[in-house]
Amino acid sequence: MPELIEIEYYREALDALVGGMIDSVDIPDERFTRPKGTPIEPFAQLAGERLLKTSRLGKLLCLHIGPVGDPEAEVLLGLRFGMTGRLLINGSGPIDKLEYASGRDEPAWDRFTLTVDGNRVSIRDQRRLGSIELEPDLERLGPEASTVTAEQLAVALTGRTKALKAVLLDQQLIAGLGNLLVDECLWRAGLAPSRPVNDLSAHEIERLAVMIVDTVADLSARGGSHTGDSFDARNEHAQCPRDCGEMRHDTVGGRSTWWCPVHQV
DNA sequence: ATTGTGGCCTGCCCGC
DNA sequence: TGCGGGCAGGCCACAA
């Protein structure tokens with residue numbers, strides 16, 4: 001479930017530990033490191049350093065780690081949460097329950113644990129779809145969705161033929177939107193998810209950019225990606241909350257998609 | 001280069 | 001009750 005909004009909640013929670021000393025790093029299983037096959041050792045060597053800062057780009061949460069007062073020696077540790085990953089601090093998460101995740105909650109699913117001044121920070125990820133990476137390449141991510149401008153959006157769309165939804169999900173083009181946020185943004189903007197992007201007018205692009213920024217802000221304040229106006233209509237035979245048309249279920253960009261054919265055109 | 005597909009992983013839910 | 005298939009809100013490697 002975690003999309004930009006949830007990752008930002010994680011970052012804010014983690015921010016309380018900035019300045020602390022990393023006592024230990026525990027990665028039980030090499031399958032969680034990226035790129036695949038990266039040994040655990042370089043991660044373990046972060047013990048003894050300090051957590052200097054946190055940052056986020058899209059769904060990537062970054063920990064800036066190193067000795068105080070020596071920016072040259074700073075190392076970036078990137079955390080990705082996949083679909084089922086949660087950040088736990090001392091056993092509890094900023095988000096209590098993941099939609100669509102298992103009702104169970106096993107400490108055995110802790111794929112990565114950092115101890116900062118005695119506080120346990122863990123990624124609990126049942127399916128191991130998340131990962132950790134040293135010095136992640138930030139250049140591979142597009143502009144941040146929560147502040148995306150019409151100009152940036154236009155750049156992402158130009159020269160492409162993909163379905164609109166597929167582009168919005170592509171982290172290289174726009175960073176941070178996941179399946180739920182995209183469906184809500186398109187529902188609010190009145191745009192069909194399967195529209196080829198080269199078909200959008202300048203006016204529609206502008207409207208969509210504003211809608212993305214507003215929707216992210218709105219749902220952040222409400223409490224998560226699952227609090228959209230269209231969320232309850234992600235069901236068979238559900239009615240569109242705007243115009244009472246029947247919601248339609250399709251696969252677009254390889255993802256399960258709910259939309260309203262009446263007002264999304 | 002761009003685009004679509006399948007795989008990674010695991011658990012749950014449904015129908016037989 | 002047991003079993004197989006399909007599905008899940010992310011991301012990557014790969015083929016066309």
Side-chain angles (χ1 to χ4, degrees), chain A residues 1-10 28-38 56-61 78-87 95 97-112 123-133 136-138 140-142 145 155-187 193-198 215-216 219-220 222-228 230-236 249-259:
Chain A
M1 142 214 232
E3 305 184 31
L4 171 167
I5 294 173
E6 285 73 25
I7 309 305
E8 179 61 16
Y9 295 156
Y10 294 160
D29 186 334
E30 207 168 87
R31 279 186 289 175
F32 208 63
T33 61
R34 291 291 181 281
K36 267 193 141 108
T38 303
R56 178 189 60 75
L57 179 52
K59 302 178 203 171
L60 179 70
L61 176 55
L79 312 185
R80 291 174 201 279
F81 294 85
M83 287 202 285
T84 50
R86 281 188 301 158
L87 186 77
I95 303 165
K97 173 177 163 293
L98 279 181
E99 305 285 333
Y100 281 54
S102 160
R104 281 168 50 207
D105 189 22
E106 305 282 348
W109 298 337
D110 288 353
R111 311 302 180 187
F112 164 79
I123 299 180
R124 185 163 294 180
D125 182 5
Q126 177 180 0
R127 286 173 64 186
R128 271 188 261 255
L129 293 172
S131 61
I132 55 174
E133 183 176 9
D137 183 5
L138 303 180
R140 284 174 46 199
L141 292 171
V155 168
L157 304 188
T158 347
R160 294 172 202 286
T161 56
K162 269 194 193 181
L164 178 54
K165 173 164 178 173
V167 169
L168 297 181
L169 283 173
D170 188 333
Q171 303 301 300
Q172 298 198 56
L173 301 178
I174 300 167
L177 302 179
N179 203 30
L180 283 188
L181 276 176
V182 167
D183 277 5
E184 175 73 8
C185 288
L186 293 176
W187 182 85
S194 54
R195 272 280 287 281
V197 290
N198 55 7
T215 301
V216 169
L219 303 202
S220 294
R222 289 189 197 173
S225 308
H226 59 288
T227 60
S230 65
F231 182 75
D232 289 338
R234 302 178 71 81
N235 289 298
E236 223 55 63
H249 188 31
D250 288 314
T251 298
V252 182
R255 314 306 302 280
S256 175
T257 301
W258 292 90
W259 63 291

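The shown structure was predicted, so the numbers you read here are calculated from the model rather than taken from an experiment. Chain A is the first sequence line, chain B the second, and so forth, proteins listed ahead of strands; every chain is numbered from 1.
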[X] side chain, from C-beta outward: closest of [options]:
{"X": "L129(A)", "options": "dA8(C), dG10(C), dC12(C)", "value": "dG10(C)"}
{"X": "T161(A)", "options": "dG9(C), dC8(B), dT3(B)", "value": "dT3(B)"}
{"X": "W109(A)", "options": "dA8(C), dC11(C), dG11(B)", "value": "dG11(B)"}
{"X": "F231(A)", "options": "dG9(C), dG11(B), dC8(B)", "value": "dG9(C)"}
{"X": "R80(A)", "options": "dC8(B), dG9(C), dC11(C)", "value": "dC11(C)"}
{"X": "K162(A)", "options": "dG10(C), dG4(B), dT10(B)", "value": "dG4(B)"}
{"X": "S225(A)", "options": "dG9(C), dC9(B), dG10(C)", "value": "dG9(C)"}

Between [N] and [M], how many Å separate the two [atom1] atoms, rounded to a whole number?
{"N": "dC11(C)", "M": "dA1(B)", "atom1": "P", "answer": "23 Å"}
{"N": "dG6(C)", "M": "dG6(B)", "atom1": "P", "answer": "12 Å"}
{"N": "dG9(C)", "M": "dT3(B)", "atom1": "C1'", "answer": "22 Å"}

How long is the line joining [atom1] of [X] and [atom2] of [N], in whole Å?
{"X": "D170(A)", "N": "dC11(C)", "atom1": "CG", "atom2": "C1'", "value": "11 Å"}
{"X": "N179(A)", "N": "dG9(C)", "atom1": "CG", "atom2": "P", "value": "5 Å"}
{"X": "R234(A)", "N": "dA8(C)", "atom1": "CZ", "atom2": "P", "value": "9 Å"}
{"X": "L181(A)", "N": "dG10(C)", "atom1": "CG", "atom2": "P", "value": "9 Å"}
{"X": "L4(A)", "N": "dC11(C)", "atom1": "CG", "atom2": "C1'", "value": "16 Å"}
{"X": "D183(A)", "N": "dG10(C)", "atom1": "CG", "atom2": "P", "value": "10 Å"}
{"X": "L61(A)", "N": "dG10(C)", "atom1": "CG", "atom2": "C1'", "value": "15 Å"}
{"X": "I123(A)", "N": "dC9(B)", "atom1": "CD1", "atom2": "C1'", "value": "15 Å"}

Under the 3.5 Å rule, do the base of dC9(B) and the side chain of R127(A) count as making a donor-acceptor pair?
-> yes
Between K36(A) and dC9(B), is there a side-chain N or O to OP1/OP2 distance below 4.0 Å?
->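 Indeed, a polar side-chain atom of K36(A) lies that close.
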Can you check whether T84(A) has a side-chain N or O nearer than 4.0 Å to OP1 or OP2 of dT10(B)?
-> no
Looking for any heavy atom pair under 4.0 Å, which part of the strands does [X] touch: base, sugar-phosphate only, or nothing?
{"X": "R140(A)", "result": "sugar-phosphate"}
{"X": "G178(A)", "result": "sugar-phosphate"}
{"X": "R160(A)", "result": "sugar-phosphate"}

Applying salt bridge (Lys or Arg N to Asp or Glu O under 4.0 Å) between D170(A) and each of R255(A), R140(A), K162(A), R160(A), report the one that passes.
-> K162(A)
Under a cut-off of 3.5 Å for both distances of each Watson-Crick or G-U pair, what dot-bracket string does DNA chain B give, using [ ] for crossing pairs and | for inter-strand pairs?
-> .|||||||.|||||||
Verdict with supporting geometry, R111(A) and D125(A), salt bridge (Lys or Arg N to Asp or Glu O under 4.0 Å) = CA-CA 6 Å; R111(A) 311 302 180 187; D125(A) 182 5; 5.7 Å; no
Is a donor from one side chain sitting under 3.5 angstrom from an acceptor on the other, for [X] and [Y]?
{"X": "S230(A)", "Y": "E184(A)", "value": "yes"}
{"X": "K165(A)", "Y": "N179(A)", "value": "yes"}
{"X": "E6(A)", "Y": "S225(A)", "value": "yes"}

Side chain R222(A), main chain T227(A), donor-acceptor under 3.5 Å = yes
Out of L180(A), L181(A), L177(A), which residue meets the side chain to side chain contact (heavy atoms under 4.5 Å, CB included) rule with I5(A)?
->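 Only one option passes, and that is L181(A).
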Derivation of the side-chain contact (heavy atoms from CB on, under 4.5 Å) call for R80(A) and I7(A) = CA-CA 9 Å; R80(A) 291 174 201 279; I7(A) 309 305; over 6 Å; no
Over 60° means perpendicular and under 30° means parallel, so classify the ring planes of H226(A) and F231(A), tilted if in between.
->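 Perpendicular: the ring planes of F231(A) and H226(A) meet at over 60°.
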